[in-house]
Structure formats: structure tokens, C-alpha cells
Amino acid sequence: MKRVHEEQYSEIATPADFNFEECLVHLGRSSQENLYRLDDSGITKLLKIGGQLVLFRIVPAAGALRIEFPLGVPAYQERDEVAAYIEDWFDLQTDLQGFYAIAETDPVLKSVVRQHYGLRVIGVPDLFEALVWAVMGQQINLTFAYTLKKRFVENFGESLFYENERYWTFPSAEKIASLNVADLRALQLTVRKSEYILGIAQAMARGELQKQRLLQEPDMERVLLEIRGIGAWSANYVMMKCLHSQSAFPLADVGLHNALKAQLQLDRKPTPVEIMELAKNWEGWQAYATFYLWRSLL
DNA sequence: CTCCAGGCAAGAA
DNA sequence: TTCTTGCATGGA
């Protein structure tokens, strides 16, 4: 899957159906996003790997994504971690034939999937980031959620400058675990959400919550629901965006409701019972159905 | 001004 | 077990 070319750059092979442009539409949905930067030719992002900051660019190539390192090519191990991150981020390991087969005849998905064919679930590979982002997004509009995330990242993340632009890493669980409620309240997070985020950070900093262990857990949802602040919506959101669970389904999601309302041309939002009825046909692919429906709102 | 937003936990019934 | 309420503030 991964090929290294004379240490200048690496390439990751992409599935035949992969559509980078569709993925870019999702990635470009907020002008407040500060964890990566899009430009005419690709994506630039900063990650902290093995204690060091690594800046990389993703540029589409024939049947592949090319990874470049503008500030110098790191050692093999770091390059390999960046490649793994990108495969995770763009969900490149999932074969979508089963989903496309279902969508072919599904009354809700048919046109949406045809329209955005090649889009993949754009994930949040870092578990701490996925959990925090889920909590931040609860019960507030997405614009304000992005504002909160921007403040969170720019107050507690690490950064470096490259070509007059500043690039940020998502704050570490260890860093956030050292804060208190007042520190997060200052960003206009609620007391409740501040407590949730600190609790998650402390659990992860203590090693009680690990992505690798969750991935091996037969009942991920049960484990996630034990975390204070993580309810059914957040658990399924994280399973979908971080843990590659194709059957994760954030049933209570307002965006999902709005997308279904529009697709079905209803004059009201569908009820949970109606949604479950529609979703019977999506069994095993609820996450992709949800993500394509979200895409229809952009 | 009102209503709603990528919900949740805690308390009440 | 299921239903109701407070949270807290920005955006439309």
C-alpha cells in the first residue's frame, strides 16, 4: 500500500473509487478550521509524532496521495506514522462496494451517493480529539462549536510557522488534564462541558482510555457510554469518525434529521421511529449513509 | 425577540 | 424504566 520514493516523498495508493475533491468539500466546510490548511494544490497539516512536530502536505497524484515534508523529511518511522494517519483520516482501508450496492436501490441514498460518489468518511484519527470534538458539538450550532475548538487549540495546542502561516496540533490529553474548570470556562465552554473534557483528558492521561484497546473491544459503545459526557450520540459519532465502525449510527443527530427532511421533501423532521425504519436497509453501513447525508447539506 | 443548535446528566414520575 | 428539566450561548 505504501511506497517510499528515494526518501523525498511517500505515496499512499487510493482505492479506485476514491474522490479527493469530494473529501475536500467536507474538509473545507469551516473557515475557522485551524488543524489543517487547504490551498489550490493540497492539504498542509502539523502532527506531533514521537515528541517532535512534523509538518506534511497531501497532494493528489495518479491513483495515490503523495505526502511531502516541506520542513525536511523525517525518519522512516515518522513517515510511516504520517502515512498511517492519512489512511485513517480518509478511511482508505474500507471497501465501499457493499455500501454502493445498497445505495443503488435505496430511495434515500440513491441520488446522494451518485452525486458524491467516491466520498469517504473523513475521520478524526486521534481519540482524544474525537471525544473532545463530540462534547464541544453537543447542543450548539456548528459555527460556535468551531469557534470553541479554535480557542481550545490556540490556547493549549502546539504550533509552528511555515511560509508565514501558523500550523497547530490538537492539544494533548496530558496538557488538558493539567487544567481546571475555570481554564476551560474562559473559552466559553459551559461548566458541564468543561468537566466532561477534563474527565476525558484525565482518563486518557492515566492510560485508562486508549484507542488501540477500544478497537479490540467487542462492545465499543458500552465502554464509551461509561464516560461522563458521552451519550448515545457522542459514542456513535466517535465510533464512526475515529474507530471505523461502519454500523455506528448517531440517530439523534440534528444534521441527519435535516438531511432526511430535505431528501424526503418532508415539511417536518422525521421521527426516530421513521429514521429507524429507513435505516433498516442500511444495516452494516449506517455510518456511511449518515456521512453521505451530511455531505448533502454542504 | 424568538427559536434552535451535530445532547447530556441528574432528578422526577 | 421512561419522562422532564437545566445547562449556556451564539447564530439566523
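Order of the sequence lines sets the chain letters (A, B, ...), proteins ahead of strands, with each chain counted from 1.
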| field | Where chain A begins and ends its contact with DNA chain C, read 5' to 3' at 4.0 Å from heavy atoms | value | dG6(C) to dG11(C)
| Rounded distance in Å between the P positions of dC8(B) and dG11(C) |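 It works out to 22 Å between them.
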| task | Between dA9(B) and dG10(C), how far apart are the C1' atoms? Round to whole Å, please. | result |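 Their C1' atoms lie roughly 23 Å apart.
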| Sequence-distant partners of E158(A), salt bridge (charged side-chain N to carboxylate O under 4.0 Å, His left out), two or more places apart | K48(A)
Rounded distance in Å - [atom1] ([X]) to [atom2] ([N]):
X       : N       : atom1 : atom2 : result
L224(A) : dA9(B)  : CG    : P     : 12 Å
L148(A) : dG7(B)  : CG    : P     : 14 Å
D253(A) : dC4(B)  : CG    : P     : 17 Å
I197(A) : dG7(B)  : CD1   : P     : 15 Å
L189(A) : dC8(B)  : CG    : P     : 16 Å
R192(A) : dG11(B) : CZ    : C1'   : 11 Å

| query | Hey, what else clusters with Y167(A) if you join Ile, Leu, Val, Met, Phe, Trp, Tyr whenever side-chain heavy atoms sit under 4.5 Å? | reply | L46(A), L53(A), L55(A), L71(A), L160(A), Y162(A)
| message | Let me confirm one number: the CG-CD1 distance from L96(A) to I102(A), rounded to the nearest 0.5 Å. | response |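 Answer rounded to 0.5 Å: 11.0 Å.
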| At under 4.0 Å, does any side-chain N or O of K193(A) touch on OP1 or OP2 of dA9(B)? |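 Checking K193(A) against dA9(B): no side-chain N or O falls below 4.0 Å of OP1 or OP2.
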| query | Between S234(A) and dC8(B), is there a side-chain N or O to OP1/OP2 distance below 4.0 Å? | reply | yes
| query | With sugar-phosphate meaning primed atoms plus P, OP1 and OP2, does I227(A) contact a base, only sugar-phosphate, or nothing at under 4.0 Å between heavy atoms? | reply | sugar-phosphate
| request: Could you check whether K241(A) gets within reach of a base, just the sugar-phosphate, or nothing at all, counting any heavy atom under 4.0 Å? | output: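 Counting heavy atoms under 4.0 Å across all strands, no contact is made by K241(A).
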Going by the rule side-chain hydrogen bond (donor to acceptor under 3.5 Å, both in side chains), which residues pair with [X] if we only count those two or more places apart in sequence or in a different chain?
X       : result
T147(A) : Q32(A)
R228(A) : E195(A)
Q263(A) : none
N258(A) : none

| Listed once per pair and sorted, the ring pair (Phe, Tyr, Trp, His ring centres under 6.0 Å) pairs that draw on residues 238-278 of chain A, sequence neighbours left out | none
| remark: So ring pair (Phe, Tyr, Trp, His ring centres under 6.0 Å) across residues 29-60 of chain A, not counting sequence neighbours, yields Y36(A)-W89(A)
| message | Please give me the minimum heavy-atom distance between A103(A) and V113(A), naming the atom from each residue. | response | CB-CG2, 3.7 Å
| Of residues 274-293 of chain A, the positions that come close to DNA chain B - non-hydrogen atoms, cut-off under 4.0 Å |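 Nucleic-acid contacts, sorted: none.
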| query | Between residues 121-141 of chain A and DNA chain B, which residues have a heavy-atom gap below 4.0 Å? | reply |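 Result for residues 121-141 of chain A: G137(A), Q138(A), Q139(A), I140(A), N141(A), sorted by number.
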| message | If only side-chain N and O atoms count, and only distance matters, is there a donor-acceptor pair under 3.5 Å linking S194(A) with R185(A)? | response |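 There is no such pair (donor and acceptor under 3.5 Å, judged by atom type) between the side chains of R185(A) and S194(A).
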Could you pull out all donor-acceptor pairs under 3.5 Å where a side-chain atom in residues 128-141 of chain A meets a protein atom, sequence neighbours excluded?
from	atom 1	to	atom 2	distance (Å)
W133(A)	NE1	Y237(A)	OH	3.2
Q138(A)	NE2	G229(A)	O	2.9
Q138(A)	NE2	S234(A)	OG	2.9
N141(A)	OD1	T143(A)	N	3.3
N141(A)	OD1	F144(A)	N	2.8

| remark: Of I230(A) and N258(A), the one whose closest nucleotide on DNA chain B sits nearer the 5' end is N258(A)
